[in-house]
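One structure is given below, encoded as structure tokens.
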Amino acid sequence: MPAARESLLDAAFAALEGRPWPRVKMAEVAAAAGVSRQTLYNEFGSKEGLARALVRREADAYLRGVDRALTGAPGAAAPGERLAAAAVWTVRSATENPLVRAVLTGCWNERLPTPVSAAPPVRTPPRGRTSLSGRGSPSGRTAPPGPLPAPGEVLGQARDRAVRLLAGEWPAGAVELPLACDAVARLALSYVVAPAPAADVARMVRTVLG
């Protein structure tokens, strides 16, 4: 149920903006999304499953934004400028979205879903219900959700995307692309940890790249 799933994630994110995650109730999320609580449990298995799906969605949205910045920012066609745009996007995303900030830094406060490495127990939906994928599995169980991203994992994915997407355009004689991408990722992270105007990071990237 893709539409119901997105509605539930939207409702969970909206609830998180108004109260700490431990106070967010599954019944309230389901009601806000206009579906039954059973549908919510069928989709995510548990509150932990909902939390991990929400964090993963926000992390994936951040990475899509990195791709957009690297493949072309308005008026910034040069590879170095696109790398700067990705750094600016990183800082702005972390400033505006506490879940993006948490996955980039590994710092989770009491308002956010608590990272848990182990998958929760598998929930068996009632007879006739479907699994997470929308199809009943042979065992009739809901597939357990994946773990939350490890600290550094998402930023590392952003760095690797930069290396891949800029590889064919990086100017000869410049600092090696992997080193440049790693330095820019670390610089952006420093601005996330010690907040400063996002636009400043572009100037610092240009300084680093020479």
Side-chain angles (χ1 to χ4, degrees), residues 9-10 12-14 16-21 51-115 117 147-171 173-210:
L9 291 172
D10 288 342
F13 188 83
L16 184 59
E17 290 180 326
R19 75 199 77 167
W21 183 252
R52 278 196 286 273
L54 178 60
V55 172
R56 175 51 66 184
R57 185 184 73 162
E58 299 307 306
D60 288 345
Y62 158 71
L63 290 171
R64 288 195 296 273
V66 169
D67 286 346
R68 289 193 298 271
L70 292 170
T71 53
E81 289 298 312
R82 299 206 300 274
L83 194 54
V88 170
W89 166 254
T90 295
V91 176
R92 285 181 175 161
S93 296
T95 300
E96 296 170 0
N97 189 325
L99 293 179
V100 172
R101 177 183 172 84
V103 297
L104 291 177
T105 64
C107 297
W108 300 81
N109 63 41
E110 67 279 0
R111 294 190 60 86
L112 302 177
T114 303
S117 57
L148 290 173
E153 175 189 338
V154 175
L155 189 67
Q157 291 177 23
R159 179 200 58 221
D160 294 345
R161 287 167 188 261
V163 173
R164 184 179 72 254
L165 291 171
L166 299 177
E169 306 174 63
W170 199 246
V175 63
E176 292 183 11
L177 178 58
L179 291 178
C181 293
D182 189 63
V184 169
R186 292 174 185 275
L187 177 63
L189 182 60
S190 73
Y191 273 75
V192 171
V193 174
D200 287 357
V201 74
R203 176 176 56 82
M204 290 301 296
V205 168
R206 295 185 189 104
T207 301
V208 169
L209 297 180

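No hydrogens, no waters, no symmetry mates; every other heavy atom, side chains included, goes into these values.
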Closest heavy-atom pair and its distance - P113, V55: CG-CG2, 4.4 Å
Looking only at non-hydrogen atoms, find the nearest pair between V175 and L179 and report the distance. CG2-CB, 4.2 Å
Can you check whether E110 reaches P20 side chain to side chain, under 4.5 Å on heavy atoms? no
Separation between CG (L63) and CZ (R161), nearest 0.5 Å, reads 4.5 Å
Find the distance between CG (L209) and SG (C181) and round it off to the nearest 0.5 Å. 8.5 Å
Yes or no on side-chain contact (heavy atoms from CB on, under 4.5 Å) for R206 and E81, after CA distance, side-chain angles and deciding distance? CA-CA 8 Å; R206 295 185 189 104; E81 289 298 312; 2.8 Å; yes
Just by modelled atom types, is the A94 backbone N or O under 3.5 Å from a matching donor or acceptor in the R101 side chain? no
Hey, can you pull the donor-acceptor pairs under 3.5 Å for the side chains in residues 184-199, sequence neighbours left out?
from, atom 1, to, atom 2, distance (Å)
R186, NE, D182, OD2, 2.8
S190, OG, L187, O, 2.5

Can you measure from OG1 (T90) to CZ (R159) and round to the nearest 0.5 angstrom? 12.5 Å
Nearest non-hydrogen partners of G18 and R111, listed with the distance: C-NH2, 3.8 Å
Residues at least two apart in sequence or cross-chain that pass side chain to side chain donor-acceptor pair (under 3.5 Å) with R19, listed by chain then number, are E28
Shortest non-hydrogen contact from L70 toward R82: O-NE, 2.5 Å
Closest non-hydrogen contact found for V163 with P178 is CG2-CA, 4.0 Å
Between V205 and G80, what is the shortest heavy-atom contact and its length? CG1-O, 4.4 Å
Carboxylate-amine/guanidinium proximity below 4.0 Å for D60 and R56: yes
With a 4.5 Å limit on heavy-atom distance, are the side chains of L155 and Y62 in contact? yes
From F13 CZ over to R57 CZ, what is the distance, rounded to the nearest 0.5 angstrom? 7.5 Å
Would you give the length of the straight line joining atom CZ of R164 to atom CD of Q157, rounded to the nearest 0.5 angstrom? 10.0 Å
When you look at W108 and V103, which way does the side-chain contact (heavy atoms from CB on, under 4.5 Å) test go after all the steps? CA-CA 8 Å; W108 300 81; V103 297; 3.9 Å; yes
Rounded to the nearest 0.5 angstrom, the CH2-CG distance for W170 and L83 is 5.5 Å
